[in-house]
Chemist: 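Mind looking over this structure? Questions follow.
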Amino acid sequence: MSAPDPLGELRDAVLDAAGAVSGGEHGPPVPPTLEQPKRAGLGDYSTNAGMLLAPALGAPPREIAERVGHELATRLGPALDRTEVAGPGFLNLFLSDRWHRRAVATMLAASDRFGAGGAESPERILVEFVSANPTGPLVAASGRHAAYGDALARILAFHGHAVMSEYYFNDAGSQIRLLGESVHARALGAQLPQGGYEGGYITELAGEIPDAADADAADLAARAVDLLFASIKATLDRYGVRFERFFSERVLHEGSPSAVERALAQLIEGGHAYRSEGALWLRTTTFGDDKDRVLERSNGEPTYLAADVAYLLNKRDRGFERQINPVGADHHGYAVRLKAAFSALGGDPETIELPLLQFVHLIEGTQKAAMSKRRGEFVTLDELLDEIGVDATRFFMLQRSHDRTLDLDLELARRESAENPVYYVQYAHARIASMLDRAGADRVAAAQAGVDDWGVGELHVAERALVKTLAAFPEEVAEAAERRAPHRITTYALELAQVFTAFYRDCRVVGATPVAVESFRIALSVTTKHTIASALSLLGVSAPEMM
RNA sequence: GCCCCCGUAGCUCAGCUGGAUAGAGCGGCGGCCUUCUAAGCCGCGGGUCGCAGGUUCGAGUCCUGCCGGGGGCACCA
C-alpha cells in the first residue's frame, strides 16, 4: 500500500486533465512530464502535455496547453494559483502556499513510510550478490558489490517488493583444493603449487592452523575455508550488509539425482544439450550466444555453469519471480549464457537480470593499485573501512552509477575524509536533531498537531523549494528501484541536504514569529529529518542525531 | 575480428529514459562565526557535452559511422 504522495496526486491531476482535453480517445502517446523547471520564474512545475497531444489533436501545442490549464484549474481549485503557457507549449504551474502546506501535512503524516510502497506490481525478488568464494578476504571491489546489492535490496523492499538477499558460494572444487595446497606449502615453507594463492593471508592462515604442516591438503582447505568465511562474514557484518541466506553450491551436488543432474537431464530432454568431444554442451547459440558452452567436462565433472543453472532453477522453484544478480563487468559474457539456459528451461530471460558493475580502481596518488587475489596484491575491504569508515565507504561506493568505473583515490579519501559529502548529509540530519531538541518535544509535538494553524503569511522561497524537494522523494525511490540505480538516492540525499541548508540559512525556525510560522517550519524540519534518514537508510548509511 | 560499458568544467562525476539559458563536489581565488551545529555559508573564474552525420517543434539524452579508454571472447569462476 503506497503512502499518500502530494506529487503523485498532482501528476494524476495533470494526467486526468490531459485526458479530458484529448476527449479520452487519443491520449498522449507517453505520459506527460511533470518536472521542476530549472529556471526560476517558470513556475513550481511544468508539463509538456500540450506538445505531446498536439499531433493527435491537430491543434497548436500552446492552445492545447491552455486548455489543459483550464481543466487543471477546475481540478486543483485553491491548490493552484495560476498557470502560464510558455515557450513552444509548456504549461507552467504556479502552486499556492496552501498546496505547499498541505503537502507537508501529507508527508508528515506518512512519517518514515513517506516514499514507500510505490511499486505498481510488487514481485518476489531475489537479489544475489557478492558471492565471493572463500579463498581470500573481501577486497575493495567486493565493497562496491556489497554496497550496491544491499542498497538495491533495501530500495526494492522499500518500494514495495518482497525481497530476499542471498550469498552464493562455492566451498568445494578446484579453487578450494588449490587453497588447501597453498596453505600447506606455506606451512612447510615449500614452493607454492602452480597458480597457487600468493597472498600474505595464506601464510597467516598457515600460522593460525595448528599442525598445518602435518595436515593433508584437503583437511587444510576445509579449515582455511572456515576461517576465511568467518572473516568474510565479520567484514560484511561490520559493513552493515545482511544476507538472509548463504547458499552453498555443494547442496546442488548432493543427493541422487542431485539438483545439477536433474537440471542437466531436463536440458537434454528438451533438446538443448548434446554430447560432443566427450563433453556435454548447452546449445546457447539458440538464444543468441556466439558459441555453445560446456556443462559437463569430458572427465565427467560438471562446470560452474551446470551448477549455476541448477541454482537458477532452485531460485525459481523457491517462488522468486525475478532474480537480480549484480556481477563484475568481466562476467558480461556470462549473462548471455545464463539467460540462454533459463530460456531453454522455459523461463523468461527478462526476469533474470545481471547488472554489470564496473571495476573499482584504487588509486594511491597517481598510481593504480592492482588487485589480484591470487598474486595477493590488493587492498582489502577491511583496510578500506579502517581507512575511511563504513559510512564514507558505502556512500562513496554508491555515488556513481554502477556501470561506470569508480576511481577511488585513497590518498584523497584519507586526507579529506572529514569533507566527504556523506558528512554533509549526516550533518544536515544532526543539525535538525539539534534544532528540534532546542525547540523541545512539546513544542515539536504541538507544531505537528497544529496543521490547521500553519496558514499564516507568505511562504519563503526557500520553504517552497524544500517542500518540492521533499515531494520528489517517492519518485526518486521509484526511479532508483526501477532502474536498479541506488546512486540516484545518493544524489538525492545530497540535494536534499543542500536545499535544507539553504532553508536553514534563510529561515529562522526555532523562535520564529508568529507561532504559526514556527510551527510550520518545525513540521517542515521534521519531515526533512525523516526523509534524510530514509534516504540514508536505503544506502545503508547511518543518520546520527549528533555530530 | 566480434560483444558489453564509458567519453559532460582542471579532477571525480550527476543530469529525473527527448524539454526551456547543462549542474554538483573537490581543487583555485576572494569574503563570512555576539543570532537554531563554521563538518557550514556567500561570491568569482571555469564547457566545441569525444568527432561527424541523422531522426523532430526540440538532442548531453535516441539512431548510424568513426576516434579514444576500460572489460570480455575457457572443458577457470
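It should be emphasised that the depicted structure is a prediction, and the values quoted were computed from it without experimental measurement. So you know, we letter chains A, B, ... as the sequences are listed, proteins then strands, and number each from 1.
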Chemist: Check A:Ala151 against A:Arg394 and note the closest heavy-atom contact, atom names and distance.
Modeler: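 Minimum heavy-atom separation between A:Ala151 and A:Arg394: N-NH2, 4.3 Å.
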
Chemist: Looking at every non-hydrogen atom in both residues, tell me the closest pair between A:Ser46 and A:Asn92 and how far apart they are.
Modeler: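 Scanning both residues, the minimum pair turns out to be CB-OD1, 3.0 Å.
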
Chemist: Between the base of B:rA77 and the side chain of A:His331, is there a donor-acceptor distance below 3.5 Å?
Modeler: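 When only heavy-atom distances are counted, A:His331 does reach the base of B:rA77 through a donor-acceptor pair under 3.5 Å.
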
Chemist: Both A:Tyr334 and A:Met51 contact RNA chain B. Which one's nearest nucleotide lies toward the 5' end?
Modeler: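 Its nucleotide being nearer the 5' end, the pick is A:Met51.
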
Chemist: Mind listing the closest non-hydrogen atom pair of A:Ala471 and A:Asp5 along with its distance?
Modeler: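 It is O-OD1, 4.2 Å.
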
Chemist: On the side chain of A:Asn92, is there an atom forming a donor-acceptor pair with the base of B:rA20 - under 3.5 Å, no angle test?
Modeler: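 Answer yes: a donor N or O sits under 3.5 Å from an acceptor.
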
Chemist: Can you check whether A:Phe90 stacks with the B:rG19 base, using ring centres under 5.5 Å and planes within 30°?
Modeler: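 Base of B:rG19: not stacked against A:Phe90.
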
Chemist: In whole angstrom, give the distance that lies between atom CZ of A:Arg508 and atom C1' of B:rU35.
Modeler: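 Roughly 6 Å, once rounded to whole Å.
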
Chemist: So, is A:Tyr424 near the phosphate of B:rC41, with a side-chain N or O under 4.0 Å from OP1 or OP2?
Modeler: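 It does, given that an N or O in the side chain of A:Tyr424 lies less than 4.0 Å from OP1 or OP2 of B:rC41.
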
Chemist: Is A:Arg62 close enough to B:rC57 that one of its side-chain N or O atoms is under 4.0 Å from OP1 or OP2 there?
Modeler: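 It does not, given that no N or O in the side chain of A:Arg62 lies less than 4.0 Å from OP1 or OP2 of B:rC57.
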
Chemist: Rounded to whole angstrom units, what separation is found between the CG atom of A:Leu357 and the P atom of B:rG71?
Modeler: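 Those two atoms, CG and P, are 16 Å apart.
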
Chemist: Round to a whole Å and report the spacing from CG of A:Leu356 to C1' of B:rC3.
Modeler: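 Value for this atom pair: 12 Å.
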
Chemist: OP1 or OP2 of B:rA14 sitting under 4.0 Å from any side-chain N/O of A:Thr491?
Modeler: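 A:Thr491 to B:rA14 OP1/OP2: no side-chain N or O under 4.0 Å.
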
Chemist: Expressed as a whole number of angstroms, how long is the span from A:Leu53:CG to B:rG19:P?
Modeler: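 A:Leu53 atom CG is separated from B:rG19 atom P by 17 Å.
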
Chemist: A:Arg337 pairs by side-chain contact (heavy atoms from CB on, under 4.5 Å) with which of A:Val309, A:Thr284, A:Leu282, A:Asp308?
Modeler: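 That would be A:Thr284.
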
Chemist: With respect to the phosphate group of B:rC42, does any side-chain polar atom (N or O) of A:Arg505 fall under 4.0 Å of OP1 or OP2?
Modeler: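 Yes, because at least one side-chain N or O of A:Arg505 sits under 4.0 Å from OP1 or OP2 of B:rC42.
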
Chemist: Using atom P of each nucleotide, how far apart are B:rA20 and B:rG60 to the nearest Å?
Modeler: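 Those two atoms are separated by 9 Å.
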
Chemist: Can you find a donor-acceptor N/O pair under 3.5 angstrom joining the side chain of A:His332 to the base of B:rC3?
Modeler: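 Side chain to base: pair present.
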
Chemist: Check each of A:Thr469, A:Thr528, A:Val467 against A:Val499 using the side-chain contact (heavy atoms from CB on, under 4.5 Å) test, and report the only one that passes.
Modeler: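 Exactly one pass, corresponding to A:Thr469.
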
Chemist: Any side-chain N or O of A:Gln498 below 4.0 angstrom from OP1/OP2 of B:rC41?
Modeler: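 No, A:Gln498 has no side-chain N/O under 4.0 Å of OP1/OP2 on B:rC41.
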
Chemist: In terms of the nearest nucleotide of RNA chain B, which residue is placed more toward the 5' end: A:Ser434 or A:Thr405?
Modeler: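 Per heavy-atom nearest nucleotide, the more 5' residue is A:Thr405.
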
Chemist: Anything under 30° is parallel, anything over 60° is perpendicular, the rest tilted; go ahead and classify A:His361 against A:Phe359.
Modeler: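 A:His361 and A:Phe359: perpendicular rings.
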
Chemist: Regarding B:rC75, can its base be found pairing with the side chain of A:Ser298 as donor and acceptor, where the two atoms are less than 3.5 Å apart?
Modeler: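 A donor-acceptor contact between them is present.
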
Chemist: In whole Å, what is the span from the OH atom of A:Tyr423 to the C1' atom of B:rA38?
Modeler: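 Atom OH in A:Tyr423 sits about 17 Å away from atom C1' in B:rA38.
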
Chemist: Do NZ/NE/NH1/NH2 and the carboxylate oxygens of A:Glu518 and A:Arg443 come within less than 4.0 Å?
Modeler: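 So A:Glu518 pairs with A:Arg443 through a salt bridge.
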
Chemist: Considering only the C1' atoms, how many Å lie between B:rC13 and B:rC6, rounded to the nearest integer?
Modeler: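 Their C1' atoms lie roughly 12 Å apart.
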
Chemist: For A:Arg438, answer base if it contacts any base atom (sugar-phosphate contacts may also be present), sugar-phosphate if it contacts only those atoms, and nothing otherwise; contact means non-hydrogen atoms under 4.0 Å.
Modeler: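 It contacts sugar-phosphate atoms only.
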
Chemist: Expressed in angstrom and rounded to an integer, what is the separation of A:His487 atom NE2 from B:rG25 atom P?
Modeler: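 In whole Å, B:rG25 P lies 17 Å from A:His487 NE2.
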
Chemist: Distance check, rounded to the nearest 0.5 Å: A:Leu398 atom CG versus A:Arg144 atom CZ?
Modeler: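 Between A:Leu398 CG and A:Arg144 CZ, I get 9.0 Å after rounding to 0.5 Å.
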
Chemist: Record whether the side chain of A:Asn48 comes under 3.5 Å of the base of B:rG19 through a donor-acceptor pair of N or O atoms.
Modeler: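 Pair found.
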
Chemist: In this structure, which stretches of RNA chain B are paired as stems of three or more consecutive Watson-Crick or G-U pairs, both distances less than 3.5 Å?
Modeler: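 Listed by first number, the stems are B:1-7 with B:67-73, B:10-13 with B:23-26, B:28-32 with B:40-44, B:50-54 with B:62-66.
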
Chemist: Would you tell me if any nitrogen or oxygen in the side chain of A:Arg521 comes within less than 4.0 Å of OP1 or OP2 on B:rC36?
Modeler: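 So the side chain of A:Arg521 is outside the cut-off, no N or O lying under 4.0 Å from OP1 or OP2 of B:rC36.
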
Chemist: Does A:Tyr492 reach a base, just sugar-phosphate, or nothing at all? Heavy atoms under 4.0 Å.
Modeler: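 If one applies the 4.0 Å heavy-atom cut-off, A:Tyr492 turns out to touch nothing in the nucleic acid.
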
Chemist: With P as the reference atom in both, quote the distance from B:rA22 to B:rC16 in angstrom, rounded to an integer.
Modeler: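 Here B:rA22 and B:rC16 have their P atoms 15 Å from each other.
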
Chemist: Would you mind calling B:rC33 syn or anti? Take O4'-C1'-N9-C4 for purines or O4'-C1'-N1-C2 for pyrimidines, and syn is within 90° of 0.
Modeler: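 Base orientation relative to the sugar is syn.
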
Chemist: Respond yes when some side-chain nitrogen or oxygen of A:Arg431 is under 4.0 Å from OP1 or OP2 of B:rA38, and no when none is.
Modeler: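 Checking B:rA38 against A:Arg431, a side-chain N or O does come within under 4.0 Å of OP1 or OP2.
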
Chemist: Counting only side-chain N and O atoms of A:Arg404, is one of them less than 4.0 Å from OP1 or OP2 of B:rG7?
Modeler: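 So the side-chain polar atoms of A:Arg404 do come within 4.0 Å of the phosphate oxygens OP1 or OP2 of B:rG7, strictly under.
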
Chemist: Could you please spell out the steps behind the side chain to side chain contact (heavy atoms under 4.5 Å, CB included) verdict for A:Phe129 and A:Tyr148?
Modeler: CA-CA 9 Å; A:Phe129 60 106; A:Tyr148 176 85; over 6 Å; no

Chemist: What is the separation between atom CD on A:Gln358 and atom C1' on B:rG72, rounded to the nearest whole Å?
Modeler: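 From A:Gln358 CD to B:rG72 C1': 11 Å.
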
Chemist: Looking at A:Tyr427, I'd like to know whether one of its side-chain N or O atoms comes within less than 4.0 Å of OP1 or OP2 on B:rA39.
Modeler: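 For B:rA39, OP1/OP2 do have a side-chain N/O of A:Tyr427 under 4.0 Å.
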
Chemist: Determine the interatomic distance between P on B:rU61 and the same-named atom on B:rG19; round to the nearest Å.
Modeler: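 Rounded to whole Å, the distance is 11 Å.
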
Chemist: Measure CG/A:Asp403 against P/B:rG7 and give the value in whole Å, please.
Modeler: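 One finds 8 Å between P of B:rG7 and CG of A:Asp403, rounded.
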
Chemist: Using ring centroids (six-membered ring only for Trp), state whether A:Tyr167 and A:Phe229 fall under 6.0 Å.
Modeler: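 Yes, close enough.
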
Chemist: Give a yes/no answer on whether the side chain of A:His429 brings an N or O atom under 4.0 Å of OP1 or OP2 in B:rU37.
Modeler: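 So the side chain of A:His429 is outside the cut-off, no N or O lying under 4.0 Å from OP1 or OP2 of B:rU37.
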
